[in-house]
Amino acid sequence: MSDGVRWMVGTVTSSGYMFDVHFARGIDAEELAVRMGARHGAAAGPMTDAEMADVDVDGYPETGPGSAAVRVGEHAGWAFAVLYGRYLERREEVSRDGVEAVHYHYNSEHPPTNVLYARDGRTVCGHGLGEEGVRWGEEPDLLLPDLVAAGLLLPDGVTDPVPEEEYDDYDDHDYRERDRRSLAVFEERLGLSLPRTVLTDRLPVYAVAGSPEGDFEEISAWAEANGRPLPDRRLGLIPVGLRREYKRATDPRWWERGAALRVAAPTLHAGAVRKNPDPGTER
């Protein structure tokens with residue numbers, strides 16, 4: 001029995017604001033990680049979601065090159081990868097050679113939640129939860145009958161059957177219930193599922209971006225000499241906190257550079273999330 005995916009609405013990882021999951025059908029979990037950028041056989045862990053805090057990936061590269069890691073597993077015929085760190089869009093790479101792929105991206109600071117389906121190296125369809133009238137992909141109307149049946153759109157593919165004034169009475173619970181109905185379209189049409197225990201399960205971890213970091217050996221040697229926890233050699237990533245300590249200790253202009261980064265940080269943060277998954281393919 002599968003757990004489905006509609007329970008994912010509103011769920012976040014240890015980041016506190018994001019839940020980003022890549023799914024693939026037709027390959028195993030390690031191959032999914034490799035197609036996202038990992039090296040074969042380079043799994044670390046296993047780790048729970050809470051333990052990923054020690055990996056401390058640099059999602060918004062204020063001090064380093066930016067990095068990302070995934071916890072991977074398999075469930076109900078799908079391989080899955082829960083992403084930590086910088087935003088990555090890999091659905092076309094993941095879906096090459098006849099593989100099916102789905103990318104679910106929730107960021108509470110940048111709505112809507114986007115869900116995109118790809119197959120054989122091309123984006124087939126997708127939409128934002130709560131914004132079903134705008135659809136992407138080469139077959140943007142593939143799920144339109146399902147969206148109509150779920151009461152989310154009228155057959156014209158644009159009009160919301162709920163009068164606009166009714167939304168004035170909606171609270172957060174109502175909006176999440178609506179989003180669950182929209183996500184259920186993917187669940188039911190594709191048999192998509194993720195275990196509800198995904199955050200507490202101990203799963204293999206792979207670095208998929210920013211590894212190996214060019215100064216990994218240098219910072220690792222400094223950490224060992226100064227009694228700091230050593231970064232995981234299999235991941236090849238430097239935790240943000242360790243890099244910050246190293247810079248503070250070895251760069252005489254650290255405070256000056258840090259002040260400039262703190263001024264620029266909001267701009268970096270706002271630009272880190274891709275808000276339009278496929279410019280030019282909206283419908």
Side-chain angles (χ1 to χ4, degrees), residues 4-10 18-27 32 35-36 77-81 83 87-164 166-167 170 175-194 271-283:
V5 292
R6 66 190 79 183
W7 66 267
M8 294 166 56
V9 170
M18 190 164 69
F19 196 29
D20 191 304
V21 186
H22 293 251
F23 298 87
R25 182 160 57 189
I27 54 177
L32 171 57
R35 292 190 181 199
M36 291 182 67
W78 290 87
F80 62 84
L83 181 71
Y87 178 87
L88 294 177
E89 186 50 81
R90 294 287 188 267
R91 65 184 179 277
E92 294 188 356
E93 294 93 326
V94 168
S95 68
R96 71 177 188 270
D97 303 325
V99 170
E100 294 177 275
V102 175
H103 184 193
Y104 173 93
H105 178 73
Y106 168 68
N107 184 328
S108 61
E109 300 177 5
H110 296 276
T113 299
N114 288 318
V115 189
L116 294 137
Y117 169 63
R119 183 178 60 235
D120 204 20
R122 63 190 184 94
T123 299
V124 179
C125 63
H127 60 263
L129 305 187
E131 297 186 3
E132 294 79 12
V134 179
R135 298 180 297 282
W136 301 287
E138 295 183 15
E139 301 176 48
D141 290 343
L142 180 66
L143 300 179
L144 179 56
D146 307 77
L147 293 169
V148 172
L152 297 167
L153 286 174
L154 293 180
D156 65 6
V158 177
T159 308
D160 189 328
V162 177
E164 187 173 348
E166 286 193 24
Y167 284 112
Y170 270 41
Y175 280 112
R176 288 191 176 186
E177 281 301 311
R178 190 191 186 287
D179 285 353
R180 288 187 184 98
R181 283 192 288 135
S182 187
L183 186 55
V185 166
F186 292 90
E187 175 184 307
E188 294 167 1
R189 184 70 175 266
L190 302 174
L192 194 64
S193 186
L194 186 73
V273 177
R274 187 178 176 190
K275 299 185 75 173
N276 183 349
D278 284 288
T281 61
E282 300 92 342
R283 178 166 179 174

Rounding to 0.5 Å, atoms NE2 (H105) and CG (L129) come to a distance of 11.5 Å
Mind running side-chain contact (heavy atoms from CB on, under 4.5 Å) on L183 and Y104 for me, showing each step along the way?
CA-CA 9 Å; L183 186 55; Y104 173 93; 3.8 Å; yes
- Task: For the pair F19 and M8, evaluate side-chain contact (heavy atoms from CB on, under 4.5 Å) and give the outcome as yes or no after the intermediate values.
- Result: CA-CA 8 Å; F19 196 29; M8 294 166 56; 3.9 Å; yes
- Message: Quick one, D160 with Y167, criterion side-chain contact (heavy atoms from CB on, under 4.5 Å). Give me CA distance, side-chain angles, the key distance, then yes/no.
- Response: CA-CA 11 Å; D160 189 328; Y167 284 112; 2.5 Å; yes
Y87 and H103 aromatic ring geometry - parallel, tilted or perpendicular at 30°/60° bounds: tilted
dist E89:CD -> N114:CG (nearest 0.5 Å) comes out at 9.0 Å
Are the charged groups of E132 and R181 less than 4.0 angstrom apart, N to O? no
Keeping E100 on the side-chain end and V102 on the backbone end, is there a donor-acceptor pair under 3.5 Å?
no
Rounding to 0.5 Å, atoms CG (L192) and CZ (F23) come to a distance of 4.5 Å
When rounded to the nearest 0.5 Å, the distance separating CG of D120 from CG of D97 is 7.0 Å
*V9 and Y106: side-chain contact (heavy atoms from CB on, under 4.5 Å), yes or no, with the steps?*
CA-CA 8 Å; V9 170; Y106 168 68; over 6 Å; no
**OP:** Examine distances only and state if a side-chain atom of W78 and a backbone atom of G191 form a donor-acceptor pair shorter than 3.5 Å.
**Re:** yes
- Item | Carboxylate-amine/guanidinium contact E188 R6, below 4.0 Å | yes
Is a side-chain N or O of R35 found less than 3.5 angstrom from the main chain of I27, in a donor-acceptor match?
-> no
